[in-house]
Amino acid sequence: MIHIQDLSLPAPSACVVEISSAAGTQRYNTLGRMVVDGRRERRTLDLRWNRMEGDMLERLFTLLDSGTFFDITYPDPVAGEKTITCFCADRGARVWQYTGQARWADVHVKLEER
């Protein structure tokens with residue numbers, strides 16, 4: 001189950017976790033070997049839903065639009081279940097049906113770790 005703050009999200013149709021290594025200072029010592037100080041891993045989450053109801057999408061996008069960092073708990077390939085602090089880098093959706101109230105498809109959210 002994926003949680004952002006206290007909002008439990010429906011199961012996504014796709015959850016892609018990208019792990020990138022960010023090195024701090026890289027230099028060579030007197031023996032000619034590379035020394036790296038401050039290596040850190042950063043995660044980027046790409047969440048996608050085929051369909052989502054309008055009220056859930058509104059709550060999700062309102063939470064993501066706050067402009068602040070927030071905590072998300074998600075399934076991680078290395079740590080099992082993990083909680084990270086992140087911000088919303090990108091989000092979008094398209095209307096697939098409109099009968100007085102919009103129904104949404106192809107919902108996507110890209111989150112980057114702080």
Side-chain angles (χ1 to χ4, degrees):
M1 187 67 85
I2 298 176
H3 302 278
I4 296 179
Q5 303 293 67
D6 58 350
L7 178 63
S8 294
L9 298 175
S13 53
C15 176
V16 178
V17 180
E18 295 179 14
I19 303 171
S20 59
S21 294
T25 306
Q26 298 178 6
R27 58 179 164 61
Y28 290 94
N29 63 14
T30 55
L31 298 174
R33 294 189 179 151
M34 182 184 286
V35 178
V36 179
D37 295 327
R39 184 178 174 277
R40 182 174 193 279
E41 287 185 342
R42 273 210 153 117
R43 283 166 167 71
T44 301
L45 304 177
D46 187 6
L47 304 172
R48 296 182 179 271
W49 293 266
N50 291 331
R51 302 275 191 268
M52 187 177 281
E53 294 297 324
D55 59 338
M56 176 58 75
L57 182 66
E58 181 182 342
R59 290 183 0 208
L60 174 61
F61 278 17
T62 300
L63 179 64
L64 298 177
D65 198 31
S66 65
T68 61
F69 292 100
F70 51 86
D71 291 336
I72 182 169
T73 303
Y74 68 96
D76 188 80
V78 176
E81 186 173 88
K82 186 169 180 74
T83 301
I84 61 171
T85 302
C86 58
F87 67 95
C88 182
D90 188 28
R91 63 192 174 281
R94 72 174 177 86
V95 174
W96 71 277
Q97 185 179 43
Y98 189 82
T99 55
Q101 182 180 7
R103 301 179 92 186
W104 298 93
D106 303 329
V107 177
H108 67 275
V109 173
K110 186 172 184 178
L111 307 173
E112 293 183 14
E113 187 174 12
R114 184 178 199 175

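Because the structure is a prediction, the values reported are computed rather than measured. We use all heavy atoms of the structure for the numbers below, so side chains are in, but hydrogens, waters and symmetry mates are not.
Closest of all the heavy-atom pairs between L111 and V109 is CD2-CG1, 3.4 Å.
Partners of R48 according to the side chain to side chain contact (heavy atoms under 4.5 Å, CB included) rule, which considers only residues two or more places apart in sequence or in another chain, are S13, A14, D46, H108. Partners of H3 by side chain to side chain donor-acceptor pair (under 3.5 Å), not counting sequence neighbours, listed by chain and number: S8. Applying the side chain to side chain donor-acceptor pair (under 3.5 Å) rule to S20 yields no partners; only residues at least two apart in sequence or on another chain are considered. Residues forming a side chain to side chain contact (heavy atoms under 4.5 Å, CB included) with N29 (at least two apart in sequence, or on another chain): L31, R33, V35. For R114, the salt bridge (Lys or Arg N to Asp or Glu O under 4.0 Å) test picks out no residue, with sequence neighbours left out. L63 meets the side chain to side chain contact (heavy atoms under 4.5 Å, CB included) test with I4, Q5, L7; sequence neighbours excluded. When the salt bridge (Lys or Arg N to Asp or Glu O under 4.0 Å) test is applied to R42, no partner is found at least two apart in sequence or on another chain. Partners of D55 under the side chain to side chain donor-acceptor pair (under 3.5 Å) rule, at least two apart in sequence or in another chain, do not exist in this structure. Residues satisfying the side chain to side chain contact (heavy atoms under 4.5 Å, CB included) criterion with P10, sequence neighbours excluded, are W49, M52, M56.
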Distance-only donor-acceptor pairs under 3.5 Å for side chains of residues 82-90, two or more places apart:
residue, atom, partner, partner atom, Å
T83, OG1, T73, OG1, 2.8
T85, OG1, D71, OD1, 2.7

Pair up each side-chain donor or acceptor in residues 95-107 with any protein partner under 3.5 Å, not counting sequence neighbours, and list the distances.
residue, atom, partner, partner atom, Å
W96, NE1, W104, O, 3.3
Q97, OE1, R103, NH1, 3.1
R103, NH2, E53, OE2, 3.4
D106, OD2, R94, NE, 2.5
D106, OD2, R94, NH2, 3.2

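By the 4.5 Å heavy-atom criterion applied to side chains, R43 and I72 are not counted as neighbours.
Atom-to-atom distance recorded for L47:CG and R91:CZ is 13.5 Å, nearest 0.5 angstrom. Between the NZ atom in K110 and the CG atom in L64 there is a gap of 14.5 Å [rounded to 0.5 Å].
The cluster map of Ile, Leu, Val, Met, Phe, Trp and Tyr, joined by side-chain heavy atoms under 4.5 Å apart, puts L45 and F69 in different clusters.
No more than 12 heavy atoms of other residues, nucleotides or ligands lie within 6.0 Å of CE in M1, so this atom counts as exposed by the packing criterion.
When hydrophobic residues (I, L, V, M, F, W, Y) are linked wherever their side-chain heavy atoms come within less than 4.5 Å, V16 remains an isolated member.
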